[in-house]
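One structure is given below, encoded as structure tokens.
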Amino acid sequence: MTATAGPATALESTGLPGATTGAEAGTGPEAATAPGTPDAPDAREAPAAPAAPAAPTVPEGVPPSGADATSETLVAVAKSPASLSPSRAGDFMQCPLLYRFRVIDRLPEKPSEAATRGTLVHAVLERLFDAPAAERTAPRAKALIPGQWDRLRESRPELLELFADDTDGERLARWLTEAERLVERWFTLEDPTRLEPAERELFVEAELDSGLRLRGIIDRVDVAPTGEVRIVDYKTGKAPRPEYAEGALFQMKFYALVVWRLKKVVPRRLQLVYLGSGDVLTYDPVLADLERVERKLLALWEAIRLATETGDWRPRPTKLCGWCDHRAHCPEFGGTPPPYPLPLTRAT
């Protein structure tokens with residue numbers, strides 16, 4: 001993996017058929033983080049089932065207020081995991097119990113300023129490419145921020161609580177200024193006037209020979225006239241230290257595996273654009289990389305399947321616990337998980 005500063009080399013785009021954009025998949029641009037970082041879950045995840053809401057205010061599997069929350073009711077509506085995404089794979093590797101809380105129990109999580117700012121910046125960078133190339137300037141991008149923030153609040157009313165106590169508006173103003181700073185920094189790293197993305201916010205899904213379905217949302221796909229594919233992901237945080245670089249690359253190799261399975265093409269380059277620190281990290285994968293990732297995901301899925309059948313979701317305490325919304329339910333912090341909503345089909 002290499003780190004570069006300044007505008008990244010552009011690939012002219014010719015399109016990547018066979019997948020759907022985030023809008024077509026019923027998803028919106030949200031903040032994405034590499035597994036193992038304390039920032040936030042990737043809210044752009046496609047729902048576990050097509051009809052599921054993208055951001056439920058009440059966790060799936062829990063009856064409405066006042067209903068009888070019996071185990072029979074929970075079993076009737078809860079579903080076993082059916083697919084894997086980079087963020088959920090990262091959850092399980094970080095802490096199996098966290099995976100259970102997010103995927104099976106669907107416990108609600110409070111929105112955070114950092115994750116929401118990432119969502120906003122992603123939306124702005126996506127929409128900027130609607131403009132003709134010559135008009136993709138930093139002032140135009142910053143001018144998109146208020147409108148995209150309004151759209152975001154309309155689509156996700158729970159975000160209103162972020163600044164509910166900000167009576168003088170100072171905290172919101174600082175937050176929006178930081179979003180502007182991140183957007184402006186992007187122009188020092190890439191030149192959008194030289195880019196014509198094949199896809200933006202691209203929802204991809206592929207089924208492996210084992211039956212495991214992999215899915216995710218790619219921020220941007222560039223395709224050269226020669227057919228070479230570059231996968232780009234925006235990060236609003238800072239670039240990881242070298243010892244954590246492999247964790248950051250996991251998400252990108254996951255996407256590369258899905259593209260390879262869909263199109264039989266190994267992406268030429270994986271590119272992480274860190275707006276928080278002004279770094280561009282790149283990696284040129286080979287087929288052996290993707291085969292190793294596939295083996296890792298199959299082993300991970302087998303562990304998830306075993307935990308699902310036994311109900312044995314063990315917490316894994318780390319420094320990241322300080323950012324977890326579910327400590328009240330975690331045995332490591334004196335809490336008790338909710339009743340397990342799935343039938344146990346195998347003894348521990």
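The pair K142-E184 meets the salt-bridge criterion, with a side-chain N (NZ, NE, NH1 or NH2) lying under 4.0 Å from an Asp/Glu carboxylate O. Salt bridge annotation for D191-R136: absent, with no cationic side-chain nitrogen under 4.0 angstrom from a carboxylate oxygen. The pair E201-R220 does not meet the salt-bridge criterion, since no charged nitrogen lies less than 4.0 angstrom from a carboxylate oxygen. Electrostatic pairing of R151 and E154 does not count as a salt bridge here, judged by no charged N lying under 4.0 Å from a carboxylate O. Using a cutoff of 4.0 Å between basic side-chain nitrogens and carboxylate oxygens, R140 and E135 are scored as salt-bridged. A salt bridge is absent between K110 and D325: the closest approach of a Lys/Arg side-chain nitrogen to an acidic carboxylate oxygen does not fall below 4.0 angstrom. Under a 4.0 Å N-O distance rule, the pair R305/E302 qualifies as a salt bridge.
Scored by the side-chain hydrogen bond (donor to acceptor under 3.5 Å, both in side chains) test, D168 finds no partners at all (sequence neighbours excluded). Listed by chain and residue number, nothing satisfies the side-chain hydrogen bond (donor to acceptor under 3.5 Å, both in side chains) test with D209 (two or more places apart in sequence, or in another chain). R261 meets the side-chain hydrogen bond (donor to acceptor under 3.5 Å, both in side chains) test with E294; sequence neighbours excluded. Under the rule for a salt bridge (Lys or Arg N to Asp or Glu O under 4.0 Å), R295 has no partner lying at least two apart in sequence or in another chain.
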I would like to know whether R269 and E228 meet salt bridge (charged side-chain N to carboxylate O under 4.0 Å, His left out); could you show each step before the answer? CA-CA 8 Å; R269 173 154 294 179; E228 293 177 309; over 6 Å; no

Evaluation steps, side-chain contact (heavy atoms from CB on, under 4.5 Å), between T345 and T308: CA-CA 9 Å; T345 59; T308 302; over 6 Å; no

Could you walk me through whether I304 and L84 pass side-chain contact (heavy atoms from CB on, under 4.5 Å), step by step? CA-CA 10 Å; I304 291 172; L84 197 60; 3.8 Å; yes

Apply side-chain contact (heavy atoms from CB on, under 4.5 Å) to residues K235 and L272 and explain how you reach the verdict. CA-CA 7 Å; K235 301 293 184 187; L272 286 156; 3.7 Å; yes

Run F203 and I218 through side-chain contact (heavy atoms from CB on, under 4.5 Å) and show every step you take. CA-CA 6 Å; F203 173 71; I218 302 174; over 6 Å; no

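Nearest heavy-atom pair, L189 versus Y274, reported as atom, atom and distance to 0.1 Å: CD1-O, 4.0 Å. Of all heavy-atom pairs between M93 and L300, the closest is CG-CD1, 3.7 Å. The shortest heavy-atom contact between Y255 and G216 is CE2-CA, 4.1 Å. Nearest heavy atoms, P341 versus R100: CD-NH2, 4.3 Å. The minimum heavy-atom distance between P197 and R200, with the atom names listed, is CB-CG, 4.0 Å. The minimum heavy-atom distance between P146 and A143, with the atom names listed, is CD-O, 3.4 Å.
Pairs passing the ring-ring contact (aromatic ring centres under 6.0 Å, His included) check and including a residue from residues 130-159, sequence neighbours excluded, read W149-W175. Sorted by first and then second residue, the salt bridge (Lys or Arg N to Asp or Glu O under 4.0 Å) pairs with a member in residues 326-348 read E309-R346; sequence neighbours excluded.
In this structure a side-chain-to-backbone donor-acceptor pair under 3.5 Å is present from R185 to G276. Judged by distance alone, with hydrogens and angles left aside, the side-chain atoms of H326 form no donor-acceptor pair with the main-chain N or O of F101 at under 3.5 Å. Remark: side-chain polar atoms of T282 are not paired, donor with acceptor, to backbone N or O of L270 under 3.5 angstrom. At least one donor-acceptor pair under 3.5 Å links the side chain of D166 to the backbone N or O of L172. Side chain of S155 to main chain of L152: a donor-acceptor pair is present (N/O by atom type, distance under 3.5 Å, no hydrogens or angles).
By the rule that hydrophobic residues join a cluster once side-chain heavy atoms approach within less than 4.5 Å of another member, L98 and V103 end up as members of separate clusters. A chain of hydrophobic side-chain contacts below 4.5 Å, direct or via other Ile, Leu, Val, Met, Phe, Trp or Tyr residues, connects V265 to L290. Residues F250 and L287 share a hydrophobic cluster, clusters being chains of Ile/Leu/Val/Met/Phe/Trp/Tyr side chains in contact below 4.5 Å.
C95 SG to L97 CG: the interatomic distance, rounded to the nearest 0.5 Å, is 5.0 Å. Separating the CE atom in M252 from the CG atom in D233 is a distance of 5.0 Å, to the nearest 0.5 Å. The line from OG of S85 to CZ of R215 is 8.5 Å long, rounded to the nearest 0.5 Å. Between the NZ atom in K79 and the CD1 atom in I104 there is a gap of 13.5 Å [rounded to 0.5 Å]. Within the model, atoms OG of S80 and CG of L342 stand 4.5 Å from one another, a figure rounded to the nearest 0.5 Å. Here the CG-NZ distance, from L257 to K296, works out to 12.5 Å after rounding to the nearest 0.5 Å.
By the 6.0 Å and 45° rule, K253 stacks over the aromatic ring of Y283.
By the 4.5 Å heavy-atom criterion applied to side chains, R88 and R102 are counted as neighbours. No side-chain heavy atom of V121 sits under 4.5 Å from any side-chain heavy atom of T119. Side-chain contact between F333 and P315 is absent, with no heavy atoms from C-beta onward closer than 4.5 Å. Within the 4.5 Å cutoff, the side chain of L182 has heavy atoms near those of the R117 side chain. Side-chain contact between L320 and Q94 is present, with heavy atoms from C-beta onward closer than 4.5 Å. Residues E180 and I145 form a side-chain contact, since some pair of their non-hydrogen atoms from C-beta on lies under 4.5 Å apart. Under the 4.5 Å side-chain criterion, counting only non-hydrogen atoms from C-beta, Q271 is in contact with V280. L281 has its side chain within reach of P240: a pair of non-hydrogen atoms, C-beta onward, lies under 4.5 Å apart.
In this structure, Y340 and W313 have tilted ring planes: the angle between them lies in the 30° to 60° band.
Between the side chains of E126 and Q148, not a single donor N or O lies within less than 3.5 Å of an accepting N or O.
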